[in-house]
Amino acid sequence: MNNPSAESTRPQIVVLGTGGTIAGTATGDPSLPGYTAGVLSVDALLQGIPALSRLARIHTEQVANLDSKDMDFAVWTQLAERVAHWLAQPHIAACVISHGTDTLEETAYFLQLVHRTNKPVVLTAAMRPATALDADGPQNLLDAVRVAVQPQSRGLGVVCVLHGRVHSARDVTKASTHRMDAFTSGERGPLGEVDGDSLRLWRQPAAEPGAPFAIPAAEAWPRVEIVLNHAGADGALVRCLVANPALHPALRGLVIAGTGGGTVHQQLQAALLWAEQQGVRVQIASRVGPLRGGAEDGLNAVKLRVRLLLELGACRA
Ligand code: SIN
């Protein structure tokens, strides 16, 4: 039987399901590779983790159930609205989001840029499907809830909890296609680690200049594409994107994943100057990893795109 006083003191949190390998199931022998992501419901995932009920009173909501390679603006808008809705409730202490690993860093950074309260938002994911013998999802979900209920987590913004590490949304990136420890925060390192039921914090997240932005309506997202610099990058792709009247919506921004410290081939450079003359905003990242210094400090190309999408959508709150 539940202890009524414990019932009233446990924090209330919401777990939002969006799919991913964490909710994936193998079709055959669980020791073999091959599975479908985004099959199980968030309720089914939590049922397998009885230790959660000791930590929090948990509400759930299934926002989507997809392979995160298919993430789109409609789901982002809906997810951000549901997070804002739940966190506006005084009795809700935090949101946890289960997600696929492939675009986790993009969703996390988008949510970071529209996040308005000091209540924690914690994303988690898994490298093995729920039916695998060595599934990492249950431990990651438990750790995510452990972090979400910590008073220390207030004010950290949006974080990702994976393999016992706590990463800030700005810094985290997927760096392995197969290792369980697939995520890194690069030179800055994680914010901290999960230590039993507690959180050991090593540093605070970097400030997020210009945020928060308003959440764009699903149909109000502008088009921003990423173009890679490489040997023989002659700018033809940029010219096709800018001059194509069939593109709806039309191109508004370009993020260039440059070589090294953000350098671009001279022919691509000429195409970019022309694109800017046509009214396209161009921003430079590096294909090697986050650049240091300037407005783009610490952002890789996919995150710079997220920021530019919000800036061009005139979404400053
Ligand atoms: C996905 O991103 O939804 C599939 C891959 C994964 O979660 O690891």
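Read the numbers this way: they start at 1 and go in the same order the structure lists the ligands and their atoms. Quick caveat: nothing in here was measured; it's all calculated off a predicted structure.
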Give me the ring orientation class for F183 and H167: parallel if the planes are under 30° apart, tilted from 30 to 60°, perpendicular past 60°.
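Tilted: the ring planes of F183 and H167 meet at 30° to 60°.
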For atom 2 (O) of ligand 1, the option (of S68, A23, G20) bearing the nearest heavy atom
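Closest candidate by heavy-atom distance is S68.
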Between K303 and A169 (side chain of the first, backbone of the second, donor and acceptor by atom type, cut-off under 3.5 Å), is there such a pair?
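A pair under 3.5 Å: yes.
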Could you check whether any side-chain N or O of R188 sits under 3.5 Å from a backbone N or O of G298, counting only pairs where one atom can act as donor and the other as acceptor?
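Not confirmed, R188 side chain does not pair with G298 backbone.
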Is the closest side-chain heavy-atom distance between Q150 and Q152 below 4.5 Å?
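Q150 vs Q152: side chains touch.
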Tell me: protein heavy atom nearest atom 7 (O) of ligand 1, and distance?
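Here the nearest protein heavy atom works out to T101 N, 2.8 Å.
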If you measure every N or O of [X] against every N or O of ligand 1, does any of those distances drop under 3.5 Å?
X: Y35; result: no
X: T21; result: yes
X: H99; result: no
X: K69; result: no

Side-chain ion pair, D134 and R128, N-O less than 4.0 Å:
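Salt bridge: yes.
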Residue part near ligand 1, for A126, under 4.0 Å between non-hydrogen atoms
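The answer is the backbone.
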Where is the tightest heavy-atom contact between L45 and S98, given as atom of each residue plus distance?
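In terms of heavy atoms, the two residues are closest at CD1-OG, 4.4 Å.
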